[in-house]
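A short worksheet on the structure shown next.
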Amino acid sequence: TPADELRLLMDWLAAIGTLVAVELVTRKKWQGFALHVLNGGLWLWIMWHSQLWGLVALEVVFVLQASTSLVRWRRANA
């Protein structure tokens, strides 16, 4: 069904986004932190539609961690 195809696409986009974000962060690029925050929204969408409620709290922590890391990183390099 189209809904299943959309979900599969979102799964792949979230996985690829996570890998790219991790690679950018390891290269100390601020875009990695920003991508991680944006990608967190995609993961939250997936978790919401899959009813994986236990993972929502984990992803919220990851998004907060990436957000605060981005702010700290930008201040340190300003």
Among all residues two or more places apart in sequence or in another chain, which pass the side chain to side chain contact (heavy atoms under 4.5 Å, CB included) test with [X]?
X	result
Thr68	Arg72
Trp30	Ala34, Leu70, Trp73, Arg74
Val37	Val63, Ala66, Ser67
Leu35	Val20, Ala21, Leu24

Quiz item: Are Val60 and Leu64 close enough, and set up right, to give a side-chain contact (heavy atoms from CB on, under 4.5 Å), and what steps lead you there?
Solution: CA-CA 6 Å; Val60 167; Leu64 289 173; 4.1 Å; yes
Quiz item: When rounded to the nearest 0.5 angstrom, what distance separates CG in Leu55 from CE in Met47?
Solution: 5.0 Å
Quiz item: Can you tell me how far CG of Asn39 sits from CZ of Phe62, rounded to the nearest 0.5 angstrom?
Solution: 12.0 Å
Hphob cluster co-occupancy, [X] + [Y], side-chain heavy atoms under 4.5 angstrom:
X	Y	result
Leu52	Trp45	yes
Leu19	Leu13	no
Ile16	Leu9	no
Leu58	Leu42	yes

Practice problem: Determine the minimum heavy-atom distance between Trp43 and Ala15, stating which atoms define it. | Solution: CZ2-N, 4.0 Å
Quiz item: For Arg27, what residues pass the salt bridge (charged side-chain N to carboxylate O under 4.0 Å, His left out) criterion, not counting sequence neighbours?
Solution: Glu23
Exercise. With sequence neighbours left out, write down each residue that passes side chain to side chain donor-acceptor pair (under 3.5 Å) with Thr1, or none if nothing qualifies.
Key: Asp4
Quiz item: Looking at residues at least two apart in the chain, or sitting in another chain, which of them share a side chain to side chain donor-acceptor pair (under 3.5 Å) with Arg7?
Solution: Ser50
Quiz item: So Val25 and His36, side-chain contact (heavy atoms from CB on, under 4.5 Å) or not? Walk me through it.
Solution: CA-CA 9 Å; Val25 168; His36 186 68; 5.6 Å; no
Quiz item: Which other residues end up in the same hydrophobic cluster as Val71, if Ile, Leu, Val, Met, Phe, Trp and Tyr are linked when side-chain heavy atoms come under 4.5 Å apart?
Solution: none
Quiz prompt | Which residues share a ring pair (Phe, Tyr, Trp, His ring centres under 6.0 Å) with Trp53, sequence neighbours left out | solution = Trp48
Quiz item: Please, which pairs that meet side-chain hydrogen bond (donor to acceptor under 3.5 Å, both in side chains) have at least one residue in residues 55-66, sequence neighbours excluded?
Solution: none
